[in-house]
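None of these values were measured; they are calculated from a predicted model.
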Amino acid sequence: MTLEPCCHYGKQPPCTQLIIDSGIKRVVVGATDPHSLVTGKGIAALRQAGLEVSTGLLAKEASQLNDHYNYFYQTGLPYVTLKQAMTLDHMLAKKGERTAITVAEAWTRVHHTRNGLVTRLS
């Protein structure tokens, strides 16, 4: 699992109970859920039921898969991406023309983001 299984009732019943009831013996959790209703409680519930739980495997990569979710529950703010391009003289484009004013790498990243394939410029 990339994220700790939930242990509370919401729109759906808790994932932890389903895992326990299914007879699964071992669970691997990539990252602890930052949501205050869950943080550590899902892992504790599984362990209390006698399941073997391993945590932190590929934690960085698992966390990156949930950037928007994690950011919101860690800060209380939405995760927002803004792409703005303008020339040094504050122009957005030549009148009536499509004008490329960003480098190819930025253009590619915008299109990946629009398609849900967020890339990282590191």
### Query
For residues N70 and Y79, is any side-chain donor paired with an opposing acceptor at under 3.5 Å?
no

### Query
Which of parallel (below 30°), tilted (30 to 60°) and perpendicular (above 60°) describes H35 and H8?
parallel

### Over all atoms of both residues, closest heavy-atom pair of K41 and C7
CB-SG, 3.3 Å

### Task
Taking all non-hydrogen atoms of both residues into account, name the closest pair between A59 and A31 and its distance.
O-CB, 4.4 Å

### Message
Is there a path of hydrophobic side-chain contacts, each under 4.5 Å between heavy atoms of I/L/V/M/F/W/Y residues, joining L18 to I24?
### Response
no

### Query
Going by heavy atoms in the side chains, are Y69 and L3 under 4.5 Å from each other?
yes

### Query
Side chains of T55 and T32: closer than 4.5 Å at any heavy-atom pair?
no

### Atom pair CG (L58) and OG1 (T2), whose distance is rounded to the nearest 0.5 Å
11.0 Å

#### Entry: Distance (rounded to the nearest 0.5 Å) between L37 CG and Y73 OH
8.0 Å

### Query
Would a distance-only check, ignoring hydrogens and angles, find a side-chain to backbone donor-acceptor pair under 3.5 Å from E4 to G40?
yes

### Query
Any donor-acceptor pair under 3.5 Å linking the side chain of S63 with the backbone of K60?
no

### Message
Is it the case that atom CD in Q48 sees more than 12 heavy atoms from other parts of the structure closer than 6.0 Å?
### Response
no

### Among L46, L51, V38, side chain to side chain contact (heavy atoms under 4.5 Å, CB included) partner for T16
L46

